[in-house]
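Only one structure is covered here, and it is reproduced in the block below.
No hydrogens, no waters, no symmetry mates; every other heavy atom, side chains included, goes into these values. As the structure lists them, so they are numbered: ligands from 1, and atoms in each ligand from 1.
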Amino acid sequence: MTNIHSFKRKKQDRNKISMVTCYDAWSAKILNQTDIDCILVGDSLAVVMHGFDSTVHATIEMMELHTAAVVRGAPDKFVIADMPFLSCSKGLTHAMEAVQRLMQAGAHAVKIEGADHQLPIIEHIVEAGVPVMGHLGLTPQSIHNLGGHRVQGKDQDSGEKIMKQAHELDLAGCFAVVLECVPNKLGDCVSRSVSVPTIGIGAGPHTDGQVLVLQDLLGADPDFSPKFLRRYSNVHDLVSSSVQHFHQDVSEQTFPSVEESYG
Ligand code: KIV
């Protein structure tokens with residue numbers, strides 16, 4: 001199984017890290033049989049699995065439940081669980097309770113969006129023995145403050161701010177940092193200047209790894225097509241045609257057959 005040392009080693013050896021966001025046991029079981037390096041139980045589950053319009057709606061109960069399901073499905077994978085909305089903004093005790101719940105659900109590390117006021121909390125969590133993955137650039141929990149899903153760090157000031165935050169996360173003890181929706185050049189600069197690996201989503205080809213949400217890379221939602229997404233399947237059409245076929249067989253009374261029935 002990957003561990004926090006493998007992350008650093010991969011960066012040193014210039015081997016790219018693959019991470020997939022996954023939310024449930026049955027897909028985790030499939031991922032467990034692949035070579036991907038790690039699984040993220042992302043708070044994007046509020047949108048993908050629960051139909052909310054943003055990750056603001058992910059609660060610690062949701063994160064805990066989905067983390068436990070993924071860990072049961074993928075016992076051989078390193079699993080990182082997202083700290084949900086505001087869990088690091090209501091004081092240390094609140095943050096540590098959330099960390100405890102995610103780790104006891106089976107996660108091997110937690111991911112925290114942002115830097116700034118989160119830094120002392122991140123330091124404390126790391127000191128307590130829990131690996132922390134940072135997350136900079138487009139941080140979806142701050143979507144209302146960012147004014148929507150847009151590329152971050154496009155001008156010099158905001159680019160320099162992300163560079164500074166990445167250094168701070170590195171110093172605070174994060175073992176890796178997700179960079180979401182930033183220009184390629186910034187993805188490259190940050191990746192070359194921090195000691196820990198960067199894992200990009202919409203951050204260009206130069207980050208030390210890449211992450212995509214499983215449903216997105218499978219093509220489950222034809223309406224979701226950001227520039228950074230590569231679809232490796234068309235699960236939307238596969239599911240739709242399979243279910244339609246089942247419906248037709250039931251309607252036409254061709255299912256179940258004699259072979260599919262008990263004598
Ligand atoms: O919630 C999530 O799935 C994420 C990744 C897209 C990085 O944070």
Heavy-atom side-chain contact between Val20 and Val211 under 4.5 Å: no
Can you list every pair where an N/O of ligand 1 is under 3.5 Å from an N/O on the protein?
from     : atom 1 : to     : atom 2 : distance (Å)
ligand 1 : 1 (O)  : Asp43  : N      : 3.3
ligand 1 : 1 (O)  : Asp43  : OD1    : 3.2
ligand 1 : 1 (O)  : Ser44  : N      : 3.1
ligand 1 : 1 (O)  : Ser44  : OG     : 3.0
ligand 1 : 1 (O)  : Asp82  : OD2    : 3.3
ligand 1 : 3 (O)  : Thr21  : OG1    : 3.0
ligand 1 : 3 (O)  : Ser44  : OG     : 2.6
ligand 1 : 8 (O)  : Lys111 : NZ     : 3.0

Side chain Thr139, main chain Leu136, donor-acceptor under 3.5 Å: no
Donor-acceptor contact present, side-chain Glu97 to main-chain His94, <3.5 Å: no
Neighbour count above 12 (heavy atom, 6.0 Å) for Gln253 CD: no
ILVMFWY network linking Val41 to Leu212, side-chain heavy atoms under 4.5 angstrom: yes
From CZ (Phe175) to NZ (Lys111), nearest 0.5 Å: 10.5 Å
